[in-house]
Amino acid sequence: MRHSIKTTMMVLVAMFAFSTAADAQFSINLNKARKALGIKTKKEKAMDALKPTIPQPDKKGKPVTIKWMNKKVGEWDPATLMLVFNDTYDESAGEYASQHITFMLDPATGKWTNIAGRPAGQMSNDGTLETPNLGTIKFNPKTNEVSMDGEVIGSATINEASCYGTTFSSFDGYVSPLLVAYTTFGVMVSKDQIGKFKLLQQQAKAEAAARAAKERELAAARAASSSRVSSSSSNSSSSSNSSSSSSSSSKQSIELYRSGSRFGEIRPNGDIYISGSRVGEARSNGDIYVNGSNRGEVRSNGDVYKSGRRVGEIRSNGEIYLDGRRVGEVRSNGDVYLDGRCVGNARNMTSSDVKTVAAIYFFNFF
């Protein structure tokens with residue numbers, strides 16, 4: 001009898017083992033079958049929406065608010081593929097007078113039409129954009145740069161656009177960067193406004209150069225004063241400086257990670273590297289340089305300026321504010337949070353590096 005019970009239990013264990021293996025294999029086969037049919041999960045669909053391609057209808061998508069600076073100016077509806085602005089047509093629009101300015105997208109062709117069904121431009125997955133305001137412009141999917149007549153005039157990401165260093169438009173949700181480029185540059189700004197953004201950048205560079213010249217002048221004065229110190233004091237200072245230099249040289253580079261992948265680093269001398277290439281530097285006085293040009297600064301009180309305009313704040317506790325709204329934080333362990341979700345990590349970061357790290361992750365300098 002005992003032998004019979006033992007044999008029965010062994011059979012049941014074997015059946016369970018075989019059943020589990022079969023179930024696992026069946027699950028894998030279902031997954032392959034789903035992919036073969038082109039069926040995507042919710043996560044895969046969400047990631048597709050962020051790719052720099054022509055948006056496709058999302059029946060469950062909710063309207064996304066579009067802002068100019070801090071003011072709501074319209075909405076993008078991912079379900080109907082319509083851009084609806086707060087502004088309305090004037091009396092010259094005839095039957096459409098007083099109706100909201102509206103643009104509709106054909107997802108198959110990338111063509112836009114206005115409320116009367118007339119052409120209003122087109123966008124292509126290669127980044128070419130035909131627009132109502134600027135004519136033909138180009139969006140680079142690899143760098144997010146927007147160019148007009150061969151000159152880079154700004155950038156467009158999954159939720160904001162900047163022109164010559166000034167962030168002028170934002171989306172309260174993540175969408176295709178191609179859509180952001182068409183909406184902001186193709187519809188919302190004029191060539192005259194672009195010229196003004198460029199002038200702002202030039203003025204900011206001139207002011208930064210003047211500050212740098214003043215700092216060099218003060219540094220030279222301090223050096224001259226220091227040279228008059230007694231020999232013993234000089235030796236003591238030299239010893240202290242040597243110790244400080246040794247400590248600085250031992251400082252490690254800050255490794256920058258996003259979604260688990262390393263994308264850049266901040267070296268001890270302030271040089272910033274992205275994908276292996278030097279793209280700029282963060283100077284000790286808070287100035288941020290990109291490809292040799294001063295693009296802004298992080299002031300001692302945490303205020304962040306781009307092209308002479310205050311765009312946000314980095315608080316002492318690591319919290320990040322953009323245009324008055326808390327969007328995330330850089331924690332003491334280097335973790336970077338956006339809207340409550342960890343999106344990256346700055347390894348080897350110290351408390352003195354928080355502002356530089358925040359400038360890279362949140363303020364679109366690079």
Side-chain angles (χ1 to χ4, degrees), residues 70 144 155 157-160 162 165-167 170 204 208 211-212 215 243-291 293-366:
N70 291 321
N144 284 17
S155 65
T157 67
I158 58 176
N159 66 341
E160 67 177 17
S162 62
T166 297
T167 301
S170 61
R211 287 197 304 271
E215 287 174 4
S243 174
S244 176
S245 175
S246 174
S247 174
S248 176
S249 64
S250 65
K251 183 179 179 180
Q252 292 179 297
S253 292
I254 301 171
E255 298 182 355
L256 306 174
Y257 284 77
R258 183 181 287 119
S259 300
S261 299
R262 185 179 184 278
F263 71 91
E265 64 177 309
I266 306 171
R267 296 191 176 177
N269 64 353
D271 285 351
I272 297 171
Y273 282 72
I274 303 295
S275 300
S277 299
R278 184 183 183 280
V279 296
E281 64 178 306
R283 298 189 176 179
S284 58
N285 64 354
D287 284 347
I288 304 294
Y289 277 74
V290 181
N291 296 324
S293 300
N294 184 293
R295 292 290 179 86
E297 62 178 318
V298 181
R299 297 186 176 177
S300 58
N301 64 352
D303 286 349
V304 181
Y305 281 76
K306 292 181 71 174
S307 301
R309 187 178 72 88
R310 185 182 183 279
V311 295
E313 176 187 1
I314 304 169
R315 297 191 175 178
S316 57
N317 61 359
E319 292 183 346
I320 312 300
Y321 284 75
L322 294 178
D323 295 323
R325 182 174 70 91
R326 185 187 184 281
V327 296
E329 63 178 311
V330 178
R331 297 186 176 178
S332 57
N333 64 353
D335 284 347
V336 179
Y337 278 75
L338 174 65
D339 294 329
R341 183 172 62 90
C342 185
V343 296
N345 178 264
R347 298 181 184 178
N348 305 321
M349 186 196 79
T350 65
S351 58
S352 62
D353 302 314
V354 171
K355 292 179 181 178
T356 302
V357 170
I360 294 174
Y361 280 93
F362 290 95
F363 292 95
N364 199 30
F365 279 105
F366 304 99

I need the single residue from Val330, Asp335, Leu256 that forms a side chain to side chain contact (heavy atoms under 4.5 Å, CB included) with Asn345. Which is it? Asp335
Return the minimal non-hydrogen interatomic distance between Lys355 and Arg299, and the atom names on each side. NZ-O, 3.5 Å
Side chain to side chain contact (heavy atoms under 4.5 Å, CB included) with Thr350: which of Val354, Asn348, Asp353? Asp353
Taken to the nearest 0.5 Å, the spacing of Ser275 OG from Glu265 CD works out to 11.0 Å
Rounded distance [0.5 Å steps], CZ in Arg325 versus CG in Asp339: 6.0 Å
Show your working on side-chain contact (heavy atoms from CB on, under 4.5 Å) between Ile272 and Tyr289 and close with a plain yes or no. CA-CA 9 Å; Ile272 297 171; Tyr289 277 74; over 6 Å; no
Arg283 (side chain) donor-acceptor with Glu297 (main chain) under 3.5 angstrom: no
Which of Ile314, Ile266, Ile254 passes side chain to side chain contact (heavy atoms under 4.5 Å, CB included) with Thr356? Answer is Ile266
Nearest 0.5 Å please: distance from the OG atom of Ser332 over to the CG atom of Asn317. 11.0 Å
Write down the atom of Gly308, the atom of Ala204, and the distance for their closest heavy-atom approach. N-CB, 3.8 Å
Rounded distance [0.5 Å steps], CG in Asn144 versus OG1 in Thr157: 6.5 Å
Indicate yes or no: at least one non-hydrogen side-chain atom of Glu255 is less than 4.5 angstrom from one of Gln252. no
Minimum-distance pair of heavy atoms, taken over all atoms of Lys306 and Thr166: O-OG1, 4.4 Å
Let me know which of Thr167, Val298, Ile288, Val311 forms a side chain to side chain contact (heavy atoms under 4.5 Å, CB included) with Phe363. Val311
Non-neighbouring partners of Arg315 that pass salt bridge (charged side-chain N to carboxylate O under 4.0 Å, His left out), sequence neighbours left out: Glu313
Between Tyr337 and Tyr361 (judged by ring centroids, cut-off 6.0 Å), do the two rings come close enough to count as a pair? no
